[in-house]
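A short worksheet on the structure shown next.
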Amino acid sequence: MNILTTLRSQSKSQPQAEVVTKATKGIEIKSKRELEIMRESSRIVATVLKEISQIIAPGMTTLDLDTYAEKRVREMGAIPSFKGYHKFPATLCVSVNNEVVHGIPNAKKVIKAGDLVKVDVGAFQNGFHGDSCITLMVPPVSDRIARLVQVAETALYKGIEQVKEGNYLLDIAGAVDDYVRNNGYTVVEDFTGHGVGRNLHEEPSVFNNRSAITGKNPLPNVRLRAGMTLAIEPIINEGSNRVRILSDKWTAVTVDHKLSAQFEHTVLVTKDGYEIFTDRTKV
């Protein structure tokens, strides 16, 4: 799950090209015991997403997916992270086609062949969260959709490849930003990744665009340390990166009605690199 970028610095004194590298307070370094708990919460998340990718089909509603996900999360001994979070009413965020994030599952929202469906889920177990999102294509899909999804997923891994102790948030943001723009798409800037652990959203905010850190009102370019756990989640639009929020006060959509795709993993920073906690190939 994303968060709005409402924490932008109000400082006007930083020149545009300067990178702020001061530490951000409140970043937790998890212990070995805490990381083991997070691995289990994240395994539950990965399992639910893998199963949804196997059952999604035309004719199902987004509420059908949500009902299934809540049942499975609870069967595995966890609690849905999103349900009740700031009054969000569901286990999943399900966002279809030009819906960008935070789509509310609905019994009237029927999935059709050719749809692009973003499914985001979190699980809370023994005091810690896991969080992940996938974009699913309901066949048959156009080459246009397939290419957008491929770029969005690759962009996530370009960012993850920059994760290791001693690197900075700007390394992640720059890798994502460069790849997306070089492929002719845009990065949504109104939502970010985040730290994750005891809380669903923790410091630091994990941006996917360079300007968040190098622009006029830069946020701290935090240095990564082993034991940090990050939810990295670029959102890619095929047109404008601008979004608007619908009257339900949750669902964000593209302003130009073009498509959007998103992928997210919960990732551990290690001394030598990273570990993907929500890796679906391991469940």
Side-chain angles (χ1 to χ4, degrees), residues 1-2 30 32-57 60 62 64-83 85 90-95 101-103 105 116-138 149-150 152-161 163 172 193-202 206 227-235 261-270 273-283:
M1 177 179 264
N2 285 271
K30 276 71 175 183
K32 289 183 178 180
R33 182 189 68 83
E34 291 167 343
L35 291 173
E36 281 303 313
I37 297 171
M38 282 196 69
R39 285 187 181 93
E40 179 58 21
S41 297
S42 297
R43 184 193 66 79
I44 292 169
V45 166
T47 300
V48 170
L49 289 179
K50 184 173 182 177
E51 291 178 2
I52 286 177
S53 73
Q54 294 167 342
I55 67 168
I56 192 170
M60 297 181 74
T62 56
D64 291 334
L65 298 181
D66 187 74
T67 300
Y68 179 88
E70 180 169 0
K71 176 175 179 289
R72 292 294 290 126
V73 167
R74 294 188 185 279
E75 283 177 348
M76 288 184 278
I79 298 170
S81 295
F82 301 169
K83 194 166 188 177
Y85 185 73
T91 293
L92 299 179
C93 297
V94 186
S95 308
V101 289
H102 301 160
L116 185 67
V117 184
K118 285 129 282 183
V119 181
D120 194 351
V121 65
F124 181 72
Q125 186 186 56
N126 295 328
F128 288 86
H129 296 269
D131 187 9
S132 185
C133 178
I134 56 175
T135 296
L136 300 172
M137 297 179 285
V138 184
V149 172
Q150 181 272 320
E153 185 168 22
T154 303
L156 169 63
Y157 287 103
K158 292 289 185 182
I160 290 173
E161 287 169 4
V163 174
I172 299 172
H194 49 92
V196 60
R198 297 178 191 277
N199 302 293
L200 182 58
H201 293 135
E202 299 181 345
V206 182
M228 286 183 179
T229 45
L230 308 174
I232 302 173
E233 48 180 324
I235 306 173
Q262 178 193 5
F263 286 88
E264 173 189 18
H265 273 310
T266 294
V267 180
L268 168 67
V269 181
T270 69
Y274 58 86
E275 179 184 345
I276 300 175
F277 279 2
T278 47
D279 186 348
R280 296 180 301 281
T281 68
K282 296 182 178 179
V283 297

With a 4.5 Å heavy-atom cut-off, do T266 and M38 have their side chains touching? yes

Evaluate the side-chain proximity of L136 to I52: yes if any heavy-atom separation is below 4.5 Å, no if none is. yes

How close do I44 and A78 get, counting heavy atoms only, and between which atoms? CD1-CB, 3.8 Å

Under the 3.5 angstrom rule, does the side chain of D131 hit a backbone N or O of G122 as a donor-acceptor pair? no

Would the distance check show the side chain of T278 and the main-chain N or O of H265 forming a donor-acceptor pair, the cut-off being under 3.5 Å? no

Are L116 and M137 packed together at the side-chain level, in the sense that at least one heavy-atom pair is separated by less than 4.5 angstrom? yes

Could you tell me whether the side chain of Y68 reaches within less than 4.5 Å of the side chain of L92, counting heavy atoms only? no

Salt bridge (Lys or Arg N to Asp or Glu O under 4.0 Å) with E70: which residues, sequence neighbours excluded? R74, K83

Would you indicate whether the side-chain heavy atoms of F124 and V73 approach each other to under 4.5 Å? no

On a heavy-atom basis, the closest approach of T270 and Y274 is OG1-N, 3.3 Å

NZ of K71 to OG1 of T67, rounded to nearest 0.5 Å, is 11.0 Å

Between R33 and E36, does at least one N-O distance fall below 4.0 Å, as a salt bridge requires? no

Taken to the nearest 0.5 Å, the spacing of F128 CZ from N199 CG works out to 9.5 Å

In short, A155 meets P234 closest at the heavy-atom pair C-CG, 4.3 Å

Judged by atom type as modelled, is there a donor-acceptor pair below 3.5 Å linking the side chain of T229 to the main-chain atoms of L268? no

Begin from the C-alpha positions of R39 and L35 and carry the test side chain to side chain contact (heavy atoms under 4.5 Å, CB included) through to its verdict. CA-CA 6 Å; R39 285 187 181 93; L35 291 173; 3.8 Å; yes

Yes or no on side chain to side chain contact (heavy atoms under 4.5 Å, CB included) for I79 and Q125, after CA distance, side-chain angles and deciding distance? CA-CA 6 Å; I79 298 170; Q125 186 186 56; over 6 Å; no

Closest non-hydrogen contact found for F263 with L156 is CB-CD2, 3.6 Å

Test item: V163 and I232 side chains (from C-beta on) under 4.5 Å apart, heavy atoms: yes

Check: H201 side chain, M1 main-chain N or O, donor-acceptor pair, under 3.5 Å: yes

Output all residues satisfying side-chain hydrogen bond (donor to acceptor under 3.5 Å, both in side chains) with E233, sequence neighbours left out; order by chain, then residue number. N2, H194, Q262

Tightest non-hydrogen contact, residues I276 and Y157, listed as CD1-CE2, 3.8 Å

Do I134 and R280 come within less than 4.5 Å of each other through their side chains, counting heavy atoms only? yes

Within the structure provided, determine whether D66 and V94 are in side-chain contact (heavy-atom separation under 4.5 Å). no

K30 NZ: over 12 foreign heavy atoms closer than 6.0 Å: yes

We want to know whether H129 and S41 form a side-chain donor-acceptor pair, criterion being a heavy-atom distance below 3.5 angstrom. no

Quick one: closest heavy-atom pair of T47 and R72, and the distance? CG2-NH2, 4.1 Å

